[in-house]
Amino acid sequence: MATSLPEMCDTELNALIFALGFVDLFGSSMVVNLHSKYITSIVGSPLLTGVVLSSYGGMQFLAAPFIGAFNDKVGCFPMMVLCSLICSIGYVLNATSSVFTLVLLSRVIVGCFKFNQDLCRNALHQIQFKKPLEKQAPVKIGLYNSISTIGFIMSPLVVGYLSGYFDDFKTIARVSYLLCASCQLSFFITSLLICRNYVMFSPMKLSVKDLRTILRDTGFNFSTSFKGVPWGTVWDTLVMRFLISFAVQIYRGFYREQLEARFSISEENFSYLLSFGSFCSTLGGFAVEPLLLIIGYRFSFGVYVGIVVLLIVMIVAYFTESLFVIFLLCIPFSCSTAFLRVSTMQLSVLRAGPANVGKVTGVGSSLVAIGRALSPSVAAIAISFSPVGPIALATIIMAISLCLYSCILKFRTGVKSHND
C-alpha cells in the first residue's frame, strides 16, 4: 500500500516537518551528553557502558534498511508515527531502569526505531518529486537542518535549569529522559494528525494481507534490503558518507577528555563550546543555499570542497595550542558538515530516483551507524596513545577520503566523456 502526498499547501506541510525535526532533536540533545555518565552510574563498569553505547549504533545499522524499505512501501509519515511511539517507550524505560539488562534493552529499542530525522528529510524529498524544481529540495533540507539544530542550542539550557533544582545527577538524567520521551510523544501526535488530515492514510487500514506482502517483498532479510539499492549509481556517495561521518565521529570522540588534557578546559567553557558549535551548525544550514548558488548546484564539486575544508580544520585543530582557535574552528567545521550532509544525500537521491529514496537513505543510515558503533572504541584506543590521537586518526581518514573522492571524480568524468 503505497502512499503519496496530496496536493495541499506545501508551505504548511513544510512548517510541520520543520517543527517535527526541532522537537525530535531538542529532546534527543537533552540526553545525548548524559548517556555515558548515567549508564556508568547504573552498571558500574566502563566496559559495560561501552557495550550499551555500541548497541545503539549496532541496532541502527541492522534496522535502517528495513525502516527504509517500509518507508518506500507505506510512506514516511506512517513510519514517523510508529518510530516516535516506540522511541518514547524506549526513553521511558531508560529513565526508569536500574539494572544493566533494562538499560541495554532501552538502548536497543531506541536504536531500532530512532530514524525520525531521516524520515523528515524523506518527506521533504517526496514533496520535491511532486515538482520539476529539483533545486528546492537541498535548500529545504538546509533550512530543516538549521531549524532542527536550534534544539541543540536550547536543550543545554534546560538541563542546566534542572541542575539548579536537583543535586543528584541520576535525578537530573532521569527527568531529562522523561522530557525526551514527552518530545517523542509530541512527535507521535503531530505525525498522526498529518497522516489523518493531510496524507489521508491511517496505519490501522493496513490489513494483515498488506503487511504480509510488505514483509515478503522486503524479505525481512538483511541482505535483501541492501540488494534493492541501485549500487551502480550511488555507491560512491554512500562510501563517502560513511568515511566522512566516521572521521567526524572520531574527531569528536572523547571530546571533553581531549580538551581537558590539552587546554585544561573548565566545565563552563566546555558548555559554551558546545552551544557555540550548535549555533554555528544552525547558521551552516542557512548557508547551504548561497553556497549552492556559488557552485552552480554542482553537488559533486560541493562534496569535494566540503572534504577539503574539513581536512584543513582537522589539521589546524591538531597543531593549535590555543583554545580560542578551537572555538573559531567551530565555524568552518559546522558549515562544512552541514553542507556535506545535504550534498551527499541529494546526490544519492537524484541518482536513485523517487522509488528508491527510502532504501538509499536507509542504507546510508546503516553505514553511518557502523561508524557510530565503531568510533567510541576506535577513539578510546587513539586517545590512550595521545590526547590528540583521535584528531590525528580523523585527519588521516579524511585525507584518504579526499584522495579516494578525487579518483572517483576523475573516473566518473572519464566515463561521461567516453559515453559522449
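No hydrogens, no waters, no symmetry mates; every other heavy atom, side chains included, goes into these values.
Using a 4.5 Å cut-off on side-chain heavy atoms (C-beta onward), Leu323 and Arg262 make no contact. Using a 4.5 Å heavy-atom cutoff, the side chains of Gln60 and Phe115 are in contact. Between Val31 and Tyr91 there is a side-chain heavy-atom pair separated by less than 4.5 Å. Between Ile42 and Lys170, some side-chain heavy-atom pair lies under the 4.5 Å cut-off. Using a 4.5 Å heavy-atom cutoff, the side chains of Phe188 and Val81 are in contact. Leu85 is listed as a side-chain neighbour of Ser88, based on a closest heavy-atom distance under 4.5 Å. At a threshold of 4.5 Å between non-hydrogen side-chain atoms, the residues Ile397 and Leu393 count as touching. Val313 is not listed as a side-chain neighbour of Ser336, based on a closest heavy-atom distance of 4.5 Å or more.
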N/O donor-acceptor pairs under 3.5 Å from side chains in residues 19-28, not counting sequence neighbours:
unit_1: Asp24; atom_1: OD1; unit_2: Lys114; atom_2: NZ; d: 2.9
unit_1: Asp24; atom_1: OD1; unit_2: Asn116; atom_2: ND2; d: 3.1
unit_1: Asp24; atom_1: OD1; unit_2: Gln184; atom_2: NE2; d: 2.8
unit_1: Asp24; atom_1: OD2; unit_2: Lys114; atom_2: NZ; d: 3.0
unit_1: Asp24; atom_1: OD2; unit_2: Gln117; atom_2: NE2; d: 2.8
unit_1: Ser28; atom_1: OG; unit_2: Asp24; atom_2: O; d: 3.0
unit_1: Ser28; atom_1: OG; unit_2: Lys114; atom_2: NZ; d: 3.2

Output, in order, the C-alpha distance, side-chain angles, deciding distance and verdict of side chain to side chain contact (heavy atoms under 4.5 Å, CB included) for Phe246 and Met398.
-> CA-CA 9 Å; Phe246 188 47; Met398 192 59 62; over 6 Å; no

Applying side chain to side chain contact (heavy atoms under 4.5 Å, CB included), run through Met79 and Leu82 and close with a yes or a no.
-> CA-CA 5 Å; Met79 291 304 300; Leu82 175 66; 4.2 Å; yes

Criterion side chain to side chain contact (heavy atoms under 4.5 Å, CB included) on Ile109 and Leu105, from CA distance to verdict | CA-CA 6 Å; Ile109 291 174; Leu105 178 61; 4.0 Å; yes

Yes or no on side chain to side chain contact (heavy atoms under 4.5 Å, CB included) for Ile326 and Phe263, after CA distance, side-chain angles and deciding distance?
-> CA-CA 10 Å; Ile326 297 295; Phe263 307 108; 3.8 Å; yes

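Between the Gln249 side chain and the Ser375 main chain, no donor and acceptor come within less than 3.5 Å of each other. Put simply, the side chain of Ser386 never gets that close to the backbone of Ala382: no donor and acceptor are under 3.5 Å apart. Between the side chain of Tyr304 and the backbone N or O of Leu409 there is no donor-acceptor pair closer than 3.5 Å. At least one donor-acceptor pair closer than 3.5 Å links the side chain of Gln258 to the backbone N or O of Tyr251. In this structure a side-chain-to-backbone donor-acceptor pair under 3.5 Å is missing from Ser334 to Ile331. A donor-acceptor contact shorter than 3.5 Å is absent between the side chain of Thr320 and the backbone of Val325.
To the nearest 0.5 Å, atom CZ of residue Arg107 and atom CG of residue Asn94 are 6.0 Å apart. Between the CG atom of Leu273 and the CZ atom of Phe327 there is a distance of 4.5 Å, given to the nearest 0.5 Å. Between atom CE of residue Met59 and atom SG of residue Cys112 there is a gap of 3.0 Å, rounded to the nearest 0.5 Å. Once rounded to the nearest 0.5 Å, the distance linking SG of Cys280 with CZ of Phe333 reads 11.0 Å. Atom CZ of Phe18 and atom CG of Leu16 lie 10.5 Å apart (nearest 0.5 Å). A distance of 9.5 Å separates CZ in Phe77 from CG in Leu119, rounded to the nearest 0.5 Å.
Of all heavy-atom pairs between Ala394 and Ala247, the closest is CB-O, 3.3 Å. Scanning all heavy atoms of the two residues, the minimum distance from Tyr38 to Ala173 falls at CD1-CB, 3.5 Å. For the pair Val303 and Ser343, the tightest heavy-atom approach, listed with the atom from each and the gap, is CG2-CB, 3.7 Å. The shortest heavy-atom contact between Leu179 and Met30 is CB-CE, 3.6 Å. The two residues Thr344 and Thr237 make their nearest non-hydrogen contact at O-CB, 4.2 Å. Closest approach of Leu243 and Ser401 over heavy atoms only: CB-OG, 3.2 Å.
The side chain to side chain donor-acceptor pair (under 3.5 Å) test applied to Thr190 returns no partner, not counting sequence neighbours. Taking the salt bridge (charged side-chain N to carboxylate O under 4.0 Å, His left out) definition, one finds that Arg121 meets it with Asp118, sequence neighbours left out.
Cation-pi contact between Arg298 and Phe301: present, with separation from the ring centre below 6.0 Å and deviation from the ring axis of at most 45°.
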